[in-house]
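Each chain gets a letter, A, B and so on, in the order the sequences are listed, and its residues count up from 1.
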Amino acid sequence: MIEKIKRQLHSELERALKVQFSIEVPVIVEEPKRANQGDISVPVFPLVKAFSKPLVEVVDAVRSLILETSLNEYFESVDVFGGFINITLKKQKVASAVIADFMINSDNIGSCAFGKDKTICIDYSSPNIAKPFSIGHLRSTIIGHALGNILEKCGYKIIRINHLGDFGTQFGKIIYAYIHYGSEEAVKKNPIAELEKLYVLFHEKAKKDPELESKAREIFRDLEQNDPKYQSLWSWFREESLKEYMQVYKKLNVNFDSYDGEAFYNDKMKTVIDELKAKALLVQDEGAMIVDLGAELPPALIQKSDGSTLYITRDLAALFYRKATYDFHKCLYVVGNEQKLHFEQLKRVVGLMGYPYSEDIVHVNFGLVLQDGKKMSTRKGKTVKLIDVLDEAVSLSLDYIVEKNPDLPGKEEIAEKVGVSAIIFNDLKNYRGNDFEFNLQDMVNFFGQTGPYLQYTSVRINSILAQAEFQFTGKVDGSWFEKDHVYELMKTIGSYGEIIEKSALEYAPNLIAKYLLNLASLFNTLYGKDRILVEDIEEKQTKLHVLYMVRAILNDGMNLLGMQIIERM
RNA sequence: GACUCGGUAGCUCAGCUGUACAGAGCAACGGCCUUCUAAGCCGUCGGUCAGGCGUUCGAAUCGCCUCCGAGUCGCCA
């Protein structure tokens with residue numbers, strides 16, 4: 001709401017400056033950091049030079065312009081503090097605008113339509129087959145899932161793609177290790193754990209005998225050329241891994257439109273290589289085929305000297321396939337920071353091939369999960385399994401329920417929802433690009449800025465609404481909104497849509513997470529100060545309106561982030 | 001070595017398209033459950049925004065340099 005007013009004021013002010021003073025300087029319209037400085041503030045410093053008059057006179061002139069805008073019916077006062085013009089709005093007027101806005105959009109609060117008729121592909125999760133689902137893949141999974149929800153709310157059609165890491169030299173390694181050191185029985189018994197063991201074992205052996213690396217490459221080359229024996233092992237490993245991943249996805253409530261992994265593109269790479277050749281981009285270098293990307297970027301390796309393909313080759317094939325199949329507006333890759341160079345190269349190659357949609361490739365990067373300050377390594381068997389972390393969170397949340405609310409029905413189910421959501425929220429609340437140190441203690445913390453705090457707030461409201469007769473009519477007693485803490489809450493309610501928009505444009509779920517924390521905190525402050533279920537009917541109904549909106553937004557926001565909503569806890 | 005990203009309270013982080021006294025949570029300490037769920041609320045404590053120089057009316061925010069950490073840099077993905 002405030003954002004709307006700000007934008008309107010901004011454009012009217014710039015126009016007025018141009019018309020009346022022939023001044024074309026970008027005007028700043030912002031929200032002051034402190035409540036006693038009003039709702040909207042215009043610093044006039046940047047205008048002083050253009051006016052070439054003393055600050056005091058400029059302030060005066062700008063203030064008059066502000067008072068003449070169409071928004072003046074909203075203004076309670078327009079005060080001057082040094083070089084700042086601070087506008088205080090009429091609280092009741094803002095509050096009723098917020099409520100009216102909410103009613104219009106009540107079936108899909110916070111939604112907008114700027115993505116209408118456009119498709120976005122999101123490539124996320126994409127675990128490597130035959131390796132346990134680690135904490136590292138959690139990030140891609142939940143960031144991608146949340147972004148899908150957020151962008152969907154902005155009107156986009158979303159294609160969720162799990163680009164499984166089901167191909168590549170790593171399969172040569174696993175197949176080699178399986179043939180030489182593995183047993184069918186052991187893999188059948190405990191597929192992923194066993195395959196991981198073999199993978200780690202391979203690297204240990206390869207350290208002593210570097211020959212193994214080239215043997216693995218040979219196996220992969222043959223696999224790529226459809227060797228039936230390797231193919232059947234490959235599909236067995238893939239199937240078993242996928243089974244285990246599906247359990248994780250079910251727990252996280254995550255789903256995909258496509259599970260076409262790298263192997264899916266095996267028969268689509270020849271055309272890519274042919275096209276690169278035809279466009280004279282492919283050159284032979286040290287026996288391999290590369291695309292030279294100029295001075296700023298290292299060359300892209302498209303084909304190994306033994307003729308087999310690489311990661312980027314498959315990503316090129318996948319990109320073309322997606323463009324042809326979905327005609328995407330953007331293609332997002334929710335992949336870690338360490339692959340920044342890879343996506344720069346991908347973009348550049350596509351650009352050199354003459355496709356303008358190279359600009360629509362977006363690497364939605366995220367920070368690594370570190371252990372002892374270093375990247376975790378599957379090769380050394382040093383990973384933390386996601387399922388263990390989730391189980392830990394769930395069992396801890398069950399402990400709390402037993403302690404705090406022993407008579408609660410359906411404890412296990414609620415504990416599951418609280419625990420898993422806590423893990424999800426813990427990840428999404430921070431800016432995605434930052435690395436973070438793996439810390440189980442932090443991940444399963446349930447107090448303060450956490451998922452359970454949001455769920456708890458929603459549950460508190462449930463409890464009150466359940467005890468009252470309430471219908472959302474929009475008829476309220478405006479005088480309550482004059483109180484500062486209530487007004488703050490109303491302003492925050494009114495900014496939900498703006499936050500979603502910003503979060504979508506920046507691919508930043510953390511903006512929504514922080515917003516929800518703020519909303520919950522404002523509500524809890526109010527809860528501590530004011531009794532809701534009071535005698536006076538009009539006052540009670542007014543308060544219930546606010547609670548209803550807060551709960552609707554909390555639930556909607558948590559849902560966007562991929563968290564679970566609960567009734568009681 | 002080159003490139004990229006980061007260094008803000010004891011810890012985890014927000015702010016970083018510049019402008020008014022740098023904000024949360026956790027931890028510590030002190031209050032608040034015979035009235036709506038205390039996974040909560042209120043308060044206290046805590047910061048040379050890594051360091052230096054520069055640009056600017058104004059810098060945590062922009063530029064340069066130094067230090068520290070992480071990641072990447074042709075046959076892994």
Side-chain angles (χ1 to χ4, degrees), chain A residues 26 28 30 32-34 37 41 43-46 48-49 55 81-84 86 126 128 165 167-170 172-173 213 216-217 220 262 285-290 296-306 308 310-312 314-315 335-342 344 365 367-368 370 373-375 378-379 397 400-401 403-405 408 418 422 426 429-431 433-437 439 441-442 445-453 455-457 459-468 510-511 514 517-518 520-521 524-534 543 547 568-569:
Chain A
I28 298 167
E30 57 189 18
K33 290 173 190 117
R34 274 155 232 282
Q37 291 162 341
S41 160
V44 299
F45 309 101
V48 174
K49 237 179 222 167
L55 180 70
F81 284 94
F84 293 92
N86 293 339
S126 312
N128 291 324
F167 224 51
T169 309
Q170 51 171 340
K173 293 176 181 175
E213 294 277 357
R217 277 195 289 271
F220 173 60
E262 296 187 72
D285 196 90
E286 296 173 30
M289 300 303 272
I290 65 161
E296 315 94 90
L297 280 178
L301 242 180
I302 302 292
Q303 198 172 31
K304 294 193 267 192
S305 33
D306 69 0
S308 63
L310 286 141
Y311 184 39
I312 196 165
R314 294 188 280 277
D315 257 357
V335 180
N337 281 338
E338 74 270 35
Q339 290 187 34
K340 193 165 188 286
L341 179 61
H342 166 76
E344 280 172 14
N365 63 310
L368 275 54
L370 307 174
K374 304 271 181 196
K375 187 180 169 184
T378 319
R379 294 185 180 191
S397 103
Y400 278 114
I401 295 172
E403 184 192 323
K404 290 172 192 296
N405 203 350
L408 187 66
V418 172
N426 180 261
K429 76 175 173 187
N430 291 329
Y431 171 66
N434 298 339
D435 292 350
F436 70 84
E437 178 73 22
N439 183 334
Q441 220 74 41
D442 284 354
N445 175 31
F446 298 154
F447 305 98
Q449 299 173 332
T450 64
Y453 177 72
Q455 290 170 318
Y456 178 73
T457 307
V459 162
R460 266 184 150 179
I461 297 174
N462 283 341
S463 176
I464 295 172
L465 286 170
Q467 292 170 54
N510 66 308
L511 296 179
K514 294 277 178 193
L517 284 174
N518 185 237
S521 169
N524 282 317
T525 298
L526 178 139
Y527 183 91
K529 272 192 175 139
D530 297 353
R531 195 178 157 73
I532 306 300
L533 299 173
V534 290
K543 289 174 170 175
L547 263 62
R568 297 178 62 191
M569 67 192 278

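To the nearest 0.5 Å, the span separating OG1 on A:T450 from NZ on A:K429 amounts to 7.0 Å.
By the ring pair (Phe, Tyr, Trp, His ring centres under 6.0 Å) test, A:F84 is found to be paired with A:F45, residues two or more places apart in sequence or in another chain being considered. With sequence neighbours excluded, no residue satisfies ring pair (Phe, Tyr, Trp, His ring centres under 6.0 Å) with A:Y431. Residues that satisfy the ring pair (Phe, Tyr, Trp, His ring centres under 6.0 Å) test with A:Y527, not counting sequence neighbours, are A:F523.
Remark: the separation of the P atoms in B:C29 and B:A38 is 23 Å, to the nearest Å. Comparing B:G46 with B:A24, their P atoms sit 15 Å apart, to the nearest whole Å. To the nearest whole angstrom, the two C1' atoms, one in B:C11 and one in B:A28, are 12 Å apart. Between the C1' atoms of B:C3 and B:G23, the separation comes to 34 Å (whole Å). Spacing of C1' atoms, B:U19 relative to B:G7, comes out at 25 Å, to the nearest Å. Here, B:C26 and B:A9 have their C1' atoms 12 Å apart, quoted to the whole Å. Going from the P atom of B:G63 to that of B:C16 covers 15 Å, rounded to whole Å. Here the separation of B:A14 from B:C49, taken at their C1' atoms, is 13 Å to the nearest Å.
Here A:I532 lies in heavy-atom contact (under 4.0 Å) with a base. Across all strands shown, A:E262 has heavy atoms under 4.0 Å from sugar-phosphate atoms exclusively, and none from any base. Within 4.0 Å (heavy atoms only), A:F45 reaches at least one base atom of the nucleic acid. Nucleic acid contact class of A:L310 (heavy atoms, under 4.0 Å, all strands): sugar-phosphate only. Base contact: A:S41 has a heavy atom under 4.0 Å from a base atom. Among the atoms of the strands shown, base atoms are found under 4.0 Å from some heavy atom of A:Q339. Using a 4.0 Å heavy-atom criterion, one finds that A:V418 contacts the bases of the nucleic acid, with or without backbone contacts as well. Residue-level contact check: A:T169 touches the backbone only, with heavy atoms under 4.0 Å from sugar-phosphate atoms and none from bases. Residue-level contact check: A:L55 touches neither bases nor backbone, having no heavy atom under 4.0 Å from any strand. Within 4.0 Å (heavy atoms only), A:N426 reaches no atom of the nucleic acid at all. The residue A:G168 sits close only to the backbone: its heavy atoms come under 4.0 Å of sugar-phosphate atoms, none of a base. Contacts of A:D530 with the nucleic acid, taken as non-hydrogen atoms under 4.0 Å apart, include base atoms. Residue contacts shown for A:R34 include a base, since a base heavy atom lies under 4.0 Å away. Within 4.0 Å (heavy atoms only), A:R568 reaches at least one base atom of the nucleic acid.
At B:A39, one or more side-chain N or O atoms of A:K404 fall inside 4.0 Å of OP1 or OP2 (strictly under the cut-off). Taking 4.0 angstrom as the limit, A:Q467 places a side-chain polar atom (N or O) nearer than this to OP1 or OP2 of B:U37. Considering only side-chain N and O atoms, A:R460 lies nowhere under 4.0 angstrom from the phosphate OP1 or OP2 of B:C41. When the side-chain nitrogen and oxygen atoms of A:Y311 are compared with OP1 and OP2 of B:A77, none of them lie within a distance under 4.0 Å.
Closest to the A:Y527 side chain, of the nucleotides B:A77, B:C75, B:C36, is B:C36. Checking B:U19, B:U72, B:A38 against the side-chain heavy atoms of A:L341 singles out B:U72 as nearest. Checking B:A77, B:U4, B:C36 against the side-chain heavy atoms of A:Q170 singles out B:A77 as nearest. Residue A:T525 has its side chain nearest to B:C42 when only B:A77, B:C42, B:G40 are considered. For A:L368, the listed nucleotide lying nearest its side chain is B:G71; candidates were B:C75, B:G71, B:A20.
Residues A:K543 and A:R531 come closest through the heavy atom pair NZ-O, 2.8 Å. The two residues A:M569 and A:P452 have their closest heavy-atom pair at CE-O, 4.0 Å. Summarising the geometry of A:S521 relative to A:Y453, their closest heavy-atom pair is CA-OH, 3.1 Å, with the distance given to 0.1 Å. When every heavy atom of A:P43 is checked against every heavy atom of A:E30, the shortest pair comes out as CG-OE2, 3.7 Å.
At a threshold of 4.5 Å between non-hydrogen side-chain atoms, the residues A:K304 and A:L310 count as touching. Counting heavy atoms from C-beta on, the side chains of A:P298 and A:L341 come closer than 4.5 Å.
For the pair A:F446 CZ and B:A38 C1', the computed distance is 17 Å after rounding to whole Å. Here B:U4 presents its P atom at 9 Å from CD of A:E344, a figure rounded to the nearest Å. For A:K49 and B:U56, the NZ to P distance is 8 Å, given to the nearest whole Å. In this entry the distance linking CD1 of A:I28 with P of B:A20 reads 11 Å, nearest Å. In this structure, A:M569 places its CE atom 10 Å from C1' of B:U37, rounding to the nearest Å.
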Protein N or O to nucleotides 13-17 of chain B N or O, pairs below 3.5 Å:
residue, atom, partner, partner atom, Å
B:C13, O2', A:N430, OD1, 2.9
B:C13, O2', A:K514, NZ, 3.3
B:A14, OP1, A:Y431, N, 3.2
B:A14, OP1, A:N434, ND2, 3.1
B:A14, OP2, A:N434, ND2, 3.3

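The 5' end of RNA chain B is approached more closely, in terms of each residue's nearest nucleotide, by A:D442 than by the other of A:D442 and A:V534. Mapping A:N445 and A:N462 onto RNA chain B by nearest heavy atom places A:N445 at the nucleotide closer to the 5' end.
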Report task. Give the dot-bracket string for RNA chain B, reading 5' to 3', where a pair is Watson-Crick or G-U wobble with both distances under 3.5 Å, ( ) marks pairs inside the strand, [ ] marks pairs crossing earlier ones, | marks a partner on another strand, and . marks unpaired. Result -> ((((((((.[[[[.).......]]]].(((((.......))))).....(((((.......))))))))))))....
Report task. Report, as a single string ordered 5' to 3', how protein heavy atoms within less than 4.0 Å touch nucleotides 27-35 of chain B: B base, S sugar-phosphate only, - not at all. Result -> --------B
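Base orientation of B:C73: anti, the glycosidic angle falling outside 90° of 0.
For B:A38, the base has no donor-acceptor partner in the side chain of A:N405 [N/O atoms by modelled type, under 3.5 angstrom]. Applying the 3.5 Å distance criterion, the base of B:C36 shares no donor-acceptor pair with the side chain of A:S463.
Screening A:L465, A:N524, A:L547, A:I532 for a side chain to side chain contact (heavy atoms under 4.5 Å, CB included) with A:R460, the sole residue that qualifies is A:N524.
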Query raised in the report: Could you walk me through whether A:F220 and A:K173 pass the side-chain contact (heavy atoms from CB on, under 4.5 Å) check?
Result: CA-CA 8 Å; A:F220 173 60; A:K173 293 176 181 175; over 6 Å; no
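Residue ring and nucleobase are stacked for A:F84 and B:A20, with a centre distance beneath 5.5 angstrom and an angle between planes beneath 30°.
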